[in-house]
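Scroll down for the structure; my scribbles are underneath it.
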Amino acid sequence: MRWFWIDRFEEFDKGRRATAIKNVTLSEEHLHDHFPGFAVMPASLIVEGLAQTGGILLGSVNDFAHAVILAKVPKMTFSSWATPGDTLRYTAELTEARDEGGMVSVRAMVGERLVAEGEIVFAHVDSQAAGGQSIDQKNFVFSLGLLGIMDVGKAGSGQAG
Amino acid sequence: MPSRDEIFEKVRETLVDALGVDDDEVTPEATLNGDLGAESIDFLDIVFRLEKNFSVKIPRGELFPENFDAADTSLVANGVVTDAGLAELRNRMPHADIDKFAADPKVENIQELFTVNMIVNFMEKKLAA
């Protein structure tokens with residue numbers, strides 16, 4: 001299983017804002033038990049999808065020269081949920097980007113319905129300083145594989161990129 | 001130029017947002033680590049919010065110095081910060097109460113330098129500059 005919690009970027013305005021979508025489907029194994037009889041996208045995985053959207057947005061500022069890791073979720077409020085068949089739309093706006101890391105404000109919507117909103121802080125980690133391979137790759141909000149998602153997405157103009 | 005009280009109020013709001021603490025916990029003497037439960041990554045968050053709330057730029061390491069090398073025997077010997085180490089701290093952290101720390105300069109007490117007052121001192125100097 002690949003740790004990809006976004007399916008495609010719909011908008012990518014480098015250094016400012018990105019929108020990605022996540023289609024929720026009943027074939028996702030975690031939904032079978034979460035919860036029995038009431039399949040609902042786990043809030044933690046919504047946060048992960050928001051972090052991947054925001055982390056790639058931050059990473060793009062320095063052309064992915066830094067390893068970006070999710071450091072802190074200072075604030076996250078859940079207003080509703082997403083069930084199979086829903087398309088979650090994750091929007092991240094860059095509020096801070098500097099040498100040590102950055103911050104995004106994020107929002108998850110299904111149609112016009114607010115699902116979650118909050119803030120996410122990322123740290124830049126020099127992979128050598130962090131012990132090279134010792135970092136759990138799942139912690140990285142982007143990887144070479146994830147970057148491929150942008151290839152099949154659409155540029156900010158809405159045209160296929 | 002805002003007054004010291006106004007700066008304190010803004011710092012208080014910043015710490016309430018960054019650390020999820022209550023207003024009344026943020027007293028001038030409160031230590032960030034010990035009293036307010038801040039962890040290392042929170043310092044980055046605090047710097048982000050201070051920059052935004054005060055509309056200033058805070059270069060890396062200016063408010064919260066990095067790389068004070070406890071393994072450097074000229075700065076730290078036997079778990080105690082040396083005179084040279086104290087001079088280094090004074091140089092890097094003119095906004096901190098080094099005199100108080102110097103009374104018991106154990107390495108583990110360094111984090112007690114990080115108080116709410118220290119941030120207010122820093123912002124006061126920054127805004128006056």
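When hydrophobic clusters are built by joining Ile, Leu, Val, Met, Phe, Trp and Tyr residues whose side-chain heavy atoms come closer than 4.5 Å, directly or via intermediates, Val120(B) is grouped together with Met1(B). Using a 4.5 Å cut-off between side-chain heavy atoms of Ile, Leu, Val, Met, Phe, Trp and Tyr, with links allowed through other members, Ile6(A) and Val73(A) fall into the same hydrophobic cluster. Phe64(A) is connected to Leu58(A) through a chain of hydrophobic side-chain contacts under 4.5 Å among Ile, Leu, Val, Met, Phe, Trp and Tyr, so both are in one cluster. Under the 4.5 Å side-chain contact rule for hydrophobic residues, Met123(B) and Leu19(B) share a cluster. When the side chains of ILVMFWY residues are joined at heavy-atom separations under 4.5 Å, either directly or via intervening members, Leu88(A) and Phe78(A) end up in a single hydrophobic cluster.
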Output all donor-acceptor pairs under 3.5 Å across chain A and chain B; consider backbone as well as side chains.
residue: Lys72(A); atom: NZ; partner: Ala18(B); partner atom: O; Å: 2.6
residue: Lys72(A); atom: NZ; partner: Asp42(B); partner atom: OD1; Å: 2.6
residue: Lys72(A); atom: NZ; partner: Asp45(B); partner atom: OD2; Å: 2.6
residue: Arg98(A); atom: NH1; partner: Glu51(B); partner atom: OE1; Å: 3.3
residue: Arg98(A); atom: NH1; partner: Glu51(B); partner atom: OE2; Å: 2.6
residue: Arg98(A); atom: NH1; partner: Ile58(B); partner atom: O; Å: 3.0
residue: Arg98(A); atom: NH2; partner: Ile58(B); partner atom: O; Å: 2.7
residue: Glu119(A); atom: OE1; partner: Arg49(B); partner atom: NH1; Å: 3.4
residue: Glu119(A); atom: OE1; partner: Arg49(B); partner atom: NH2; Å: 2.6

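Between Gly101(A) and Leu44(B), the closest heavy-atom pair is CA-CD2, 4.3 Å.
No more than 12 heavy atoms of other residues, nucleotides or ligands sit less than 6.0 Å from atom CZ of Arg16(A).
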